[in-house]
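Inspection log for the structure reproduced underneath, given as structure tokens.
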2 protein chains.
Amino acid sequence: MSRPTIKTIAQETGLSIATVSKALNDSPQVRPETRALVVAAAERVGYQLNMHGVQLRTGKTYQVAAIMTAPGPKQNEWEGVEYAQLLSGISWALEDSPYRVSLYAVRSFEESIATIRQIVSLKKADGIIVSGTHADDPRVRLMQEADFPFVTYGTTIHNAPHAYVDADNEQMIRLSVARLAERGHSRIALINPMADLSYSLTRLEAYRKALDIAGLVFDPALTAHGHLTPAFGRENVLHMSSLPNPPTAYICANEASALGAFSGFHARGLVHGRDAVINATDDLNVSQYFAPPITTYFLPIHEPSEMLGRYILRRMEGEAPEALQTLIMPKLIERSDDRLVKS
Amino acid sequence: MSRPTIKTIAQETGLSIATVSKALNDSPQVRPETRALVVAAAERVGYQLNMHGVQLRTGKTYQVAAIMTAPGPKQNEWEGVEYAQLLSGISWALEDSPYRVSLYAVRSFEESIATIRQIVSLKKADGIIVSGTHADDPRVRLMQEADFPFVTYGTTIHNAPHAYVDADNEQMIRLSVARLAERGHSRIALINPMADLSYSLTRLEAYRKALDIAGLVFDPALTAHGHLTPAFGRENVLHMSSLPNPPTAYICANEASALGAFSGFHARGLVHGRDAVINATDDLNVSQYFAPPITTYFLPIHEPSEMLGRYILRRMEGEAPEALQTLIMPKLIERSDDRLVKS
DNA sequence: ACATTAAAGTTAAACGTTTTTATTGTGCGG
DNA sequence: CCGCACAATAAAAACGTTTAACTTTAATGT
């Protein structure tokens, strides 16, 4: 047989399709007993709402677009981003809703703008989740101008208020630097993400402020911005460790670059805890397996990602963006004392 | 004002909507001149096909469901699977088609069965891509019985022929073992994925056969099956290295477990290249940053993933599954000589 | 008792397509 | 010059749903 529709239920119950539709949508226009009848019949025939009819009629898509900026095929370097977990978290948060996650993989920032423009103008989704925010993000402006529901993973700095979820980078860096300073480090390197990313700026400013408070001088030679690959971490250690006055601590923005930093240690014959130490920000929970394990700020990725899902739902229901802003503070996991032991 | 439809074009050209529709679909029933007229008008008004109308009318969804089995929120252990790249690759392969990737994140094998059953019976997608195949996979049977287009990432062993893409695990293990045997290793450990996964069995059998050919004895104590996390790699090194006759080589099924194996080396005071060596299968391209770098078989994940996308398109067009089967041989990257140097 | 109102349904239109069926016009053989 | 085939287009129905507008029935107030 063919799939049952509301027409099937109408015949089954002797009601009109309009009443059936209203009953299924909990309209107050239908008596509770009638509703019960309809629901029973629906159950009996195994009715399942056909979304295509709904979509055509209402114009809603019941899709949440997840924009994922993944490096192109050429780029084989690992960046240690657990996008998969991010996507799963969003997907799970939408589980009990009629919404589905629709994936838009793009290769570059520019392409993500074009994709979002298309989604907005052709209404290919009801909401958008976008990550890798810039300090002044044209995509955010675009969506705001169109009054399109969205949530960002990452804050912006120059844009009007919008819904976001992010790790508390400011606090994380402030505490990191203070902790290392307390332990006697005066030359602290900051391995930072690409400079156009919003959290890069946040981290850099927090870093400068924290140095200031600790009475340490800011040296531009100890900061680096780039793609957070192992290669990047390695290069920076190779370079910075051969400066006249090399750093004794490296704060890496993720575990991939931290792994690369270790590789640099190995190449230079540096010993962790004697010549310098490495700290990281962590969402893979992998740095406990480094040799030796390092101190990290750990944020299980499912927390922000499920929040992204919940927030986009609420945003699509019209909730104000100001109410949907959260910074999550990662947990400090001290796996090393991080004081240098001269031997 | 509102979005143009074929009705708009009909008015614009003075034709009927039927003719417009046919013209846009390259029907032979319409004169080339008329078609040109229609296309010009469509261009002029900025017409874009509304999928909801098409979907309702034709019953096609233009969605490809990607089933992603991701560990639940509790499970914070990294498994080193670049799902994100996999999804991007699929998404890119579908770029020039009307199809979109729709994500179905599930927590377990059982849930993936239920999800697939639903997609098939309610026709929530036109094709399915599924990974993590079992030797005898009920999902494959399910889709085959319903004659539903699908491609698997991973082979099956007991199922009827179907479209798949996979790394050539058999050859990879065979060559790995032979290479290590040549280099004087007689105790070779196999760190394998969960035993119910198809490629686990493939690898195990290839391993046994290769040992046989090399004249080495198979010792069950040197094989382990489990989730390919760093923890698993570490545990196995800790355990196996304290056997009366410990292995001198570890073949790890991925980089996450290889990283964990290194952590085990560190804990036991083992030195890579003196006491034992680690080899891996690699799609992150990360093991070059281990200290020291290790020999791996490398398969850039975008290759199989784009192939998955192309295959599902062809499968949905009705191509026979037998024509859509590919094993890709990863490339051997020798980063270490892997002969033990007694010091 | 009768108009008024509220409650509970029904009818019909609409969303944007595709596709089957019907209509019109043209050139052709006889 | 008449019927016929064929080409090109038009008309209409259909996919499954929601919703505005309407109808019927019952309850209410005076």
Side-chain angles (χ1 to χ4, degrees), chain A residues 1-42 45-63 98-100 121-126, chain B residues 1-42 45-63 98-100 121-126:
Chain A
M1 288 302 311
S2 70
R3 185 170 164 184
T5 69
I6 52 171
K7 206 183 234 164
T8 318
I9 301 180
Q11 278 165 350
E12 194 82 1
T13 56
L15 295 163
S16 74
I17 61 162
T19 309
V20 172
S21 171
K22 287 174 187 161
L24 293 173
N25 288 298
D26 287 332
S27 156
Q29 286 182 44
V30 32
R31 284 216 318 276
E33 305 94 82
T34 312
R35 183 187 339 281
L37 231 60
V38 169
V39 170
V45 301
Y47 170 75
Q48 289 278 133
L49 182 60
N50 182 327
M51 276 302 178
H52 295 146
V54 181
Q55 289 168 337
L56 178 57
R57 170 65 222 230
T58 64
K60 292 194 65 176
T61 66
Y62 291 101
Q63 307 252 348
Y99 292 92
R100 292 291 118 218
S121 69
L122 297 180
K123 202 160 179 1
K124 290 171 102 69
D126 298 330
Chain B
M1 280 324 316
S2 71
R3 184 169 166 187
T5 69
I6 52 171
K7 208 182 232 163
T8 319
I9 302 180
Q11 278 164 352
E12 193 83 1
T13 55
L15 294 163
S16 74
I17 61 163
T19 309
V20 172
S21 171
K22 287 174 187 159
L24 293 174
N25 289 297
D26 287 330
S27 158
Q29 287 181 44
V30 34
R31 284 217 317 278
E33 305 94 80
T34 313
R35 184 191 334 283
L37 232 62
V38 169
V39 170
V45 301
Y47 170 76
Q48 289 278 132
L49 182 60
N50 182 325
M51 276 302 178
H52 296 327
V54 181
Q55 288 168 338
L56 179 56
R57 171 65 222 228
T58 64
K60 292 194 66 176
T61 65
Y62 291 101
Q63 308 251 349
Y99 292 91
R100 292 290 118 219
S121 68
L122 298 180
K123 205 165 176 353
K124 290 171 104 69
D126 299 330

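As the structure is a prediction and not an experimental result, all values here were calculated from the model. A, B, ... follow the sequence lines: proteins, then strands. Residue 1 opens every chain.
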> Which residue, A:Gly53 or B:Thr19, contacts DNA chain D at a nucleotide closer to its 5' end, judged by nearest heavy atom?
Replying inline: B:Thr19
Out of [options], which has the shortest distance to the side chain of [X]?
X       : options                : value
A:Arg31 : C:dA8, C:dT10, C:dG16  : C:dA8
A:Asn25 : D:dT18, C:dT18, D:dT19 : D:dT18
A:Leu49 : D:dT18, C:dG9, D:dA11  : D:dT18
A:Lys7  : C:dT19, D:dC15, C:dG9  : D:dC15
A:Thr34 : D:dT17, C:dT11, C:dG9  : C:dG9
A:Leu56 : D:dG16, D:dA11, D:dT17 : D:dG16
A:Lys22 : C:dT10, C:dG16, D:dA10 : C:dT10

When the distance from [atom1] of [X] to [atom2] of [N] is rounded to whole Å, what number comes out?
X       : N      : atom1 : atom2 : value
A:Asn50 : C:dC15 : CG    : P     : 19 Å
A:Arg3  : D:dA14 : CZ    : P     : 20 Å
B:Lys60 : C:dG16 : NZ    : C1'   : 17 Å
B:Ile6  : D:dA11 : CD1   : P     : 14 Å
B:Gln11 : D:dA10 : CD    : C1'   : 15 Å
A:Gln55 : D:dT17 : CD    : P     : 12 Å
B:Asp26 : C:dT17 : CG    : P     : 16 Å
A:Met51 : C:dG16 : CE    : P     : 19 Å

OP1 or OP2 of [N] versus the side-chain N and O atoms of [X]: is any pair under 4.0 Å?
X       : N      : result
A:Arg57 : D:dG16 : no
A:Ser21 : D:dT18 : yes
A:Tyr47 : D:dT17 : yes

> Is it true that a side-chain atom of A:Gln55 and a backbone atom of A:Thr61 form a donor plus acceptor pair closer than 3.5 Å?
Replying inline: yes
> Is the backbone N or O of B:Ser27 less than 3.5 Å from a side-chain atom of B:Asn25, with the two atoms forming a donor-acceptor pair by type?
Replying inline: no
>> Pick the closest DNA chain C nucleotide for A:Val20 and for B:His52 by heavy atoms, then say which residue is nearer the 5' end.
In response: A:Val20
>> Return whichever of B:Thr58 or B:Gln29 has its heavy-atom-nearest nucleotide of DNA chain C closer to the 5' end.
In response: B:Thr58
> Using a cut-off of 4.0 Å on non-hydrogen atoms, how would the nucleic acid contact of B:Ile17 be classed: base, sugar-phosphate, or nothing?
Replying inline: base
>> Does A:Thr5 reach a base, just sugar-phosphate, or nothing at all? Heavy atoms under 4.0 Å.
In response: sugar-phosphate
>> Would B:Ile9 and B:Val45 count as a side chain to side chain contact (heavy atoms under 4.5 Å, CB included) here? Give the steps.
In response: CA-CA 8 Å; B:Ile9 302 180; B:Val45 301; 4.3 Å; yes
> Which pair of heavy atoms, one from B:Lys60 and one from B:Tyr99, lies closest together, and at what distance?
Replying inline: NZ-OH, 2.8 Å
>> Are A:Asp26 and A:Arg35 packed together at the side-chain level, in the sense that at least one heavy-atom pair is separated by less than 4.5 angstrom?
In response: yes
> Among A:Val20, A:Ile6, A:Val30, which one satisfies side chain to side chain contact (heavy atoms under 4.5 Å, CB included) with A:Val38?
Replying inline: A:Val20
